[in-house]
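Quick notes on the structure that follows.
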There are 2 protein chains.
Amino acid sequence: MLSGAVFTALADATRRQIFELVAASPRSVADLADRVTVSRPAVSQHLRVLKDARLVSDRADGTRRVYALDDRGLRAARGYLERFWDRALHDFKQVAEAAARDERNRR
Amino acid sequence: MLSGAVFTALADATRRQIFELVAASPRSVADLADRVTVSRPAVSQHLRVLKDARLVSDRADGTRRVYALDDRGLRAARGYLERFWDRALHDFKQVAEAAARDERNRR
DNA sequence: GCATTGCGTCAGTCACGACTTACGGTAAGT
DNA sequence: ACTTACCGTAAGTCGTGACTGACGCAATGC
């Protein structure tokens, strides 16, 4: 289940911040470490989790490693959430209709 | 930031299972506890987290407590993810166009 | 009134994850 | 070749969260 990994990855605040920075524009590890309060190895570990969740992808650039947004993780999360979306609307519709019936019956 | 609570809530596998059961149809705590491997107090604690994340809502029914789907949490998660959705498509489009240019230049 | 059912909460245990420092390895500059 | 920049991983610490059993409380049935 990929969606589980995505939610786990986005659950941590620091990791979300790193993900948002990467999503804004592709960045190197050192670049990310400068903009975050944690150490560089911590950033590497967070990127590992994000990469496993298919939220980011990495490419080598000389001695640097540039991380960019990977939409596969977003797709997985969106797909999982949309399974409940129709049902939520449906339930709301049912409740609304029931309320309308009660309203009519009360007169 | 509500989305953080939603992702944290959906990160745990047991909690996702409980959430899916509630989303399928409103259920009591004992009903949920019967369909899950953990104890009833654990289910209560999971429901607490899901409720704080606005993923489920509870209503009293005699001595029972019926939990149902709350779409506010889903909305928050969807809103957060969609911030990156346009960008992901944009980046993909740029990459595709760059590849197309390379293809043309190579001839 | 008393027992029962259904839940929430408290206290305690235990595993996991977030973080740091230290280390090793690769690519570029001089 | 030597240094420097950049990065991933290993080892260890520490806090947090997932879980259980015990307890207390409110609502229903007899």
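All values below come from the heavy atoms of this structure, side chains included, with hydrogens, waters and symmetry mates left out. Chain letters run A, B, ... following the sequence lines, proteins first, then strands; residues in each count from 1.
Across dT20(C), dC19(D), dT20(D), the shortest atom-to-atom separation from the side chain of S39(B) is found for dT20(D). Distance from the side chain of R64(A) is smallest to dC7(D) among dC7(D), dC19(D), dT20(C). When distances are taken from the side chain of Q45(B) to each of dC10(C), dC7(D), dT21(C), the shortest belongs to dC10(C).
For H46(A) and dT20(C), the NE2 to C1' distance is 12 Å, given to the nearest whole Å. One atom, CZ of R40(B), and another, C1' of dT4(C), lie 14 Å apart when rounded to the nearest Å. Atom CG of L32(A) is separated from atom P of dC19(C) by 14 Å (rounded to the nearest Å). Here the C1' atom of nucleotide dG17(D) and the CZ atom of F7(B) are 19 Å apart, to the nearest Å. Rounded to an integer number of Å, the gap from K51(A) NZ to dC7(D) C1' is 12 Å. Atom P of nucleotide dG8(D) and atom CZ of R65(A) are separated by 6 Å, given to the nearest angstrom.
Nucleic acid contact class of R15(B) (heavy atoms, under 4.0 Å, all strands): sugar-phosphate only.
With contacts defined as side-chain heavy-atom distances shorter than 4.5 Å, the pair V49(B)/D12(B) does not qualify.
Residue whose closest nucleotide on DNA chain C sits further toward the 5' end, between D61(A) and A42(A): A42(A). Summary of the strand contacts: T37(A) and G62(A) both lie near DNA chain C, and taking for each the nucleotide with the nearest heavy atom, the more 5' one is attributed to T37(A).
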| task | Decide yes or no on side chain to side chain contact (heavy atoms under 4.5 Å, CB included) for D31(A) and Y67(A), but give the supporting numbers first. | result | CA-CA 10 Å; D31(A) 187 359; Y67(A) 284 79; over 6 Å; no
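Side-chain atoms of R59(A) never come within 3.5 Å of backbone atoms of R65(A) as a donor-acceptor pair (strictly under, hydrogens ignored).
Residues V66(A) and L50(A) do not share a hydrophobic cluster, clusters being chains of Ile/Leu/Val/Met/Phe/Trp/Tyr side chains in contact below 4.5 Å.
When the side-chain nitrogen and oxygen atoms of T63(B) are compared with OP1 and OP2 of dA27(D), none of them lie within a distance under 4.0 Å. For the OP1/OP2 pair of dC7(C) and a distance below 4.0 Å, the side-chain nitrogens and oxygens of S28(B) include at least one atom meeting the criterion. Between Y67(A) and dC6(D), a side-chain N or O to OP1/OP2 separation shorter than 4.0 Å is absent. When the side-chain nitrogen and oxygen atoms of T14(B) are compared with OP1 and OP2 of dC19(D), one or more of them lie within a distance under 4.0 Å.
Of the listed residues (D58(A), D52(A), I18(A)), just one forms a side chain to side chain contact (heavy atoms under 4.5 Å, CB included) with L47(A), and that residue is I18(A).
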